[in-house]
Amino acid sequence: MTDLASVDRRAALDGFGALAPQAPDALLGLIALYRDDSRAEKIDLGVGVFRDDAGLTPVMRAVKAAEAILLREQESKSYLGPEGDIGYAELLADVALGRELARSPRIVGVQTPGGTGALRLGAELLRRALPGASIWIGSPTWPNHAPIFQEAGLQARAHRFYDVASAQIDLAAMLEDLEAAAEGDVLLLHGCCHNPTGASLSTEQWQSITDVCAVKGIIPFIDLAYQGLGDGLDEDAWASRALFEALPNALLAYSCDKNFGLYRERVGALWVQSACAEQSEPVRGNMLALARSIWSMPPDHGAAIVRTILERDDLRNDWMAELAEMRNRINMLRQMVAQSHPGLAFIGAQRGMFAMLPIDKNAVTSLRAEQGIYMAGNGRINIAGLSKQNMSNFVAGLAPHL
Ligand SMILES: Cc1ncc(COP(=O)(O)O)c(C=O)c1O
């Protein structure tokens, strides 16, 4: 007699037989290695979360206060709908886009699960609207960028952006590569605090990129994941706003996970600007239909926290004050690193949580094995993982490799 259970099992195994094994996430592997390292003086510069001087990633004061309010006042956890928390998206639009753009009838926005969800939703929308479009992505970039767009069916194409050896943005190379872009292609840009390089485009460089987009009919898709962690809330959003003002179509993927310290709560938003106000309703309708088929509704708690903070002057002011403390800490550490060695001077002028050290893979491995200094395989360090206490060990360990 046939053993039905074993037939089913075989069929199921064959059914997934075509799947190729996937390499484990390198940064997550680094967390485990760091955890299992017993050296007291080990330094974690790997994972991209803010750390205070004690090496902790605290819950922000305003977040704790907002959670207490929600605990007291929230009366229902019933469904909200695919657009999520409408008040959240409206209040956050002022922070991200500024008051004027936030009220533009050409711009629509919805809550998403984190910045990743915003990027994916934008990618899906682009595939519907412009099925043949390529997305141009600078190198290096956040490793998740290309997979997000490729999984949504867009063709990802790389352009040069940053030269590690000279620690400079190579704008000429970027513009040369973009000559191959077609009308209706999309250009992914980091709005501020570039991950992994920390390199900031100058006003003139942003203008050149805007001009290329205008002349060639390229649509900018801005990833703004670190607003307020570079130079200030308005300063860090300046370039995104300028692109929206200068160009007919634009997208902005936003994350509150770093600047509100809400990482695991998955808080983000996507704004899309169309050429004319008549396109806004179809854009919104398609965003919501896509959201409904992917996550149905975004998770509520983190967005409710952000709304609660932005609704109240006292909490908003305290959030801005603590964000400034975080930013000042990162920028103070940048100055300390920059002054520690001529080969690290470039880090002082960069912004955000990350920098790429001009060292090769062997140096990265030997720093980990011999000094207990952990960083991503490409030499990216999380500046916030440094402190006044570990700075001299970091510089002493690194110096022979520079
Ligand atoms: C450049 C960039 N974009 C987007 C994200 C995604 O952020 P979230 O955790 O909100 O999905 C990150 C997170 O590391 C990032 O570095």
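All ligand and atom numbering here is 1-based and tracks the order in the structure. Since the model is a prediction, treat every value here as computed from it, not as a measurement. Atom set for the values below is all heavy atoms of this structure, side chains included, hydrogens, waters and symmetry mates excluded.
One N or O on the side chain of N328 and one on the backbone of A324 form a donor-acceptor pair closer than 3.5 Å.
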Assess whether salt bridge (Lys or Arg N to Asp or Glu O under 4.0 Å) is satisfied between D231 and R327, documenting all intermediate values. CA-CA 7 Å; D231 288 310; R327 172 171 70 241; over 6 Å; no
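Remark: K42 is positioned above the aromatic ring of Y34, its terminal NZ or CZ atom under 6.0 angstrom from the ring centre and at most 45 degrees off the axis.
Among protein residues, G114, G115, T116, W142, N195, D223, A225, Y226, S255, D257, K258, R266 come within 4.0 Å of ligand 1, judged on heavy atoms.
The salt bridge (Lys or Arg N to Asp or Glu O under 4.0 Å) search around R307 returns D85, E311, not counting sequence neighbours.
Results of the side-chain hydrogen bond (donor to acceptor under 3.5 Å, both in side chains) test with D223 over H145, H190, H194 single out H145 as the only residue that passes.
Heavy atoms of other residues, nucleotides or ligands lying less than 6.0 angstrom from CZ of R39 number more than 12.
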